[in-house]
Protein chains: 2
Amino acid sequence: MTKAELPEWERYPNTGRFLLGRRRSLLSTAEKQRLEALPSDVRTLADGEVLIRRGEVLDCSAMLVDGFMIRTIWHNNERSIVSLQVPGDFVDLHGYALKRLDHDLVALGTARVAVVPHRKIDEVLATDPKLGRLLWFSTLLDAAIHREWICKLEQLQAAQRVAHIFAELWHRLEMVGLGEPGVVRTPLTQANLAEMCGVTPIHMNRSLGQLRRAGIAVFRRGSLYVEDRARLEQFGDFVSAYLYGEDGLGTLEGVLD
Amino acid sequence: MTKAELPEWERYPNTGRFLLGRRRSLLSTAEKQRLEALPSDVRTLADGEVLIRRGEVLDCSAMLVDGFMIRTIWHNNERSIVSLQVPGDFVDLHGYALKRLDHDLVALGTARVAVVPHRKIDEVLATDPKLGRLLWFSTLLDAAIHREWICKLEQLQAAQRVAHIFAELWHRLEMVGLGEPGVVRTPLTQANLAEMCGVTPIHMNRSLGQLRRAGIAVFRRGSLYVEDRARLEQFGDFVSAYLYGEDGLGTLEGVLD
DNA sequence: CGCATCCTTGAGGGCCATCAAAATGCGTGG
DNA sequence: CCACGCATTTTGATGGCCCTCAAGGATGCG
């Protein structure tokens, strides 16, 4: 196998999944190499380890290389999960422009992150506006996903909400080259799903039972099994356009320079 | 009154409220003048007029000068309001990096926007990284507000949700110099509030009645009257840090260059 | 003064929270 | 290999929040 045929994540071990399935194809080899050279360090996080705590002043950001992370917000001693991150996500690039985050960033299961000093991002912005704009783009993807979650929380009930989350997660994993047919493996617990859907773990359990009995999806110990994907997506009212994949709303033809 | 004492929105009629109460104080006079010169056009929108429709390819973005706008997402013929914008918000700057929006941008009441061609933003990024970073920052404010809404939708019930929205709106209007003591005037209807809180208009009506009977807030025909602001904020579990105001989480001391 | 929009109120039922308890699977140490 | 502790998952019963259907009242505009 020649080097040109290697998948991106083998050619670029730290950053190869960044924007994969979205606009990564717009990057030149030189730009990919430049990205790959940004991290000063790779860290391994244990399950539940907090990478960034709300309010901390930041001088670096981290790209998620392997595993999963969540963004959490605490209110009244109750934790909410407001976002789920997958490999290739520049998880706290928000912190570059914001300087402090309004939420915590927590590892879900073991995770590996590549740490990029903000100083190096300064250099990118000053010398390569196109790459800078793609970094900006990547943070706005999070915002788009947030908006979709708001819409789903406003419109759907628990079983549909979790179906939507399953469909989204599957789609995002596929985008970055981590999709398997019929199954999604995660470190998620039913309690985590409850925190994402804004219901109690007890009710999440019943909602998952409903999906199971309806033959839509089976979730067991972090693994999701789906026979009829279209049915899952229909039940969860999932339309992938908001993920700005190469196939959807954010098609590339003539849109970007 | 000398020119130096004029409020920002009189010195800079189009962009004077941009980042006001947040990081506007970091801008030099030259940079403010440069911002003020960006718009190529000012448009007036009628109530309900759609400025940007989901999926349209964009070559310009708009700053909200006067009035209110909402971001809406449609699913299954049902509309959700996922965001509320106030004067000074660069409402669809997201469209600069995303090229298309995943949602509609709609005027709530009569609104005025200043239209900025993306070509001019390109120039800013290429020549003034600091200003570029502040533009980036402003889009991430929206993401932070989205996250807070997600958390509130997950944790609170209707009366508290709407109290939170009232508290946030009041705080944001104050930041940009539009606060009045004890009252907030908007073109919002109870149906709009229902769309933001993910409940039916009927239940929103009852929730507002609950706030009224509890002496927390009176909402009548778009106007909000509050006697005890601390009580409103406590009831809605509102903590302003996520708005990155000069007083909160995003304090400026030594954080930015 | 008619009309459209917005607001208000009532009754019945479904989704989900809470309290309580038990079963299952997994890692650890005996 | 089994015993044990622990997190996770499962199940039942009761009550509250919110939806739906239905109807009526208020406000502002032409």
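To find a chain, count down the sequence lines: A is the first, B the second, and so on, and within it residues start at 1.
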Using side chain to side chain contact (heavy atoms under 4.5 Å, CB included) as the criterion, list what pairs up with [X], not counting sequence neighbours.
X: B/Asp47; answer: none
X: B/Glu233; answer: B/Ala167, B/Arg229, B/Phe238
X: A/Arg53; answer: A/Val50, A/Glu56, A/Asp104

Counterpart residues, salt bridge (Lys or Arg N to Asp or Glu O under 4.0 Å), relative to B/Asp66 (two or more places apart):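 Applying salt bridge (Lys or Arg N to Asp or Glu O under 4.0 Å) to B/Asp66 gives none.
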Pairing residues for A/Arg43 by the salt bridge (Lys or Arg N to Asp or Glu O under 4.0 Å) criterion, not counting sequence neighbours: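 Per chain and number, A/Arg43 pairs via salt bridge (Lys or Arg N to Asp or Glu O under 4.0 Å) with A/Glu49.
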Quickly work out the [X] [atom1] to [N] [atom2] distance and round it to whole Å.
X: B/Asn205; N: C/dT5; atom1: CG; atom2: P; answer: 19 Å
X: A/Arg213; N: D/dT10; atom1: CZ; atom2: C1'; answer: 11 Å
X: A/Arg212; N: D/dT11; atom1: CZ; atom2: P; answer: 7 Å
X: A/Glu195; N: D/dT9; atom1: CD; atom2: P; answer: 12 Å
X: A/Asp47; N: C/dC26; atom1: CG; atom2: P; answer: 16 Å
X: A/Met204; N: C/dT18; atom1: CE; atom2: P; answer: 15 Å
X: B/Leu211; N: C/dC7; atom1: CG; atom2: C1'; answer: 16 Å

By ring pair (Phe, Tyr, Trp, His ring centres under 6.0 Å) - contacts of A/Phe68 (at least two apart):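 None.
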Within residues 146-170 of chain A or reaching into it, pairs that qualify as side chain to side chain donor-acceptor pair (under 3.5 Å) - sequence neighbours excluded: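 Every pair satisfying side chain to side chain donor-acceptor pair (under 3.5 Å) with a residue in residues 146-170 of chain A: A/His146-B/Arg147, A/Arg147-B/Asp102, A/Arg147-B/His103, A/Arg147-B/His146, A/Glu148-B/His75, A/Trp149-A/Glu168, A/Lys152-A/Asp237, A/Lys152-B/His75, A/Glu154-B/Ser80, A/Gln155-B/Ser80, A/Glu168-A/Arg172, A/Glu168-A/Tyr242.
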Annotated protein contacts, base or backbone, on nucleotides 12-18 of chain D with a non-hydrogen cut-off under 4.0 Å, one of B, S, - each: BB---SB
Terminal helix-axis angle for the helix from C/dC1-D/dG30 to C/dG30-D/dC1, with five pairs defining each axis and rounding to 10 degrees: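 About 40° separates the two local helix axes.
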Phosphate contact (C/dT5 OP1 or OP2) by B/Gln190 side-chain N/O below 4.0 Å: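 The answer is no; no side-chain N or O of B/Gln190 sits under 4.0 Å from OP1 or OP2.
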Output side-chain donor-acceptor pairs under 3.5 Å for residues 207-214 of chain A, partner residues at least two apart or in another chain, one line each.
{"from": "A/Ser207", "atom 1": "OG", "to": "A/His203", "atom 2": "O", "distance (Å)": "3.0"}
{"from": "A/Arg213", "atom 1": "NH1", "to": "A/Gly209", "atom 2": "O", "distance (Å)": "3.4"}

Contact residues, residues 218-226 of chain A to DNA chain D [heavy atom, < 4.0 Å]: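 Residues of residues 218-226 of chain A that come under 4.0 Å of DNA chain D do not exist, since none gets that close.
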Parallel, tilted or perpendicular, as decided by the 30° and 60° cut-offs, for the rings of B/Phe18 and B/Phe90: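 Ring orientation, 0 to 90° scale: perpendicular.
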Residue pair A/Met69 / A/Val113, side-chain heavy-atom distance below 4.5 Å: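 Yes - at least one pair of side-chain heavy atoms lies under 4.5 Å apart.
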Which donor-acceptor pairs under 3.5 Å do side chains of residues 177-189 of chain A form with protein atoms, sequence neighbours excluded?
{"from": "A/Thr186", "atom 1": "OG1", "to": "A/Leu188", "atom 2": "N", "distance (Å)": "3.1"}
{"from": "A/Thr186", "atom 1": "OG1", "to": "A/Gly222", "atom 2": "O", "distance (Å)": "2.9"}
{"from": "A/Thr189", "atom 1": "OG1", "to": "A/Ala191", "atom 2": "N", "distance (Å)": "3.3"}
{"from": "A/Thr189", "atom 1": "OG1", "to": "A/Asn192", "atom 2": "N", "distance (Å)": "3.1"}
{"from": "A/Thr189", "atom 1": "OG1", "to": "A/Asn192", "atom 2": "OD1", "distance (Å)": "3.1"}

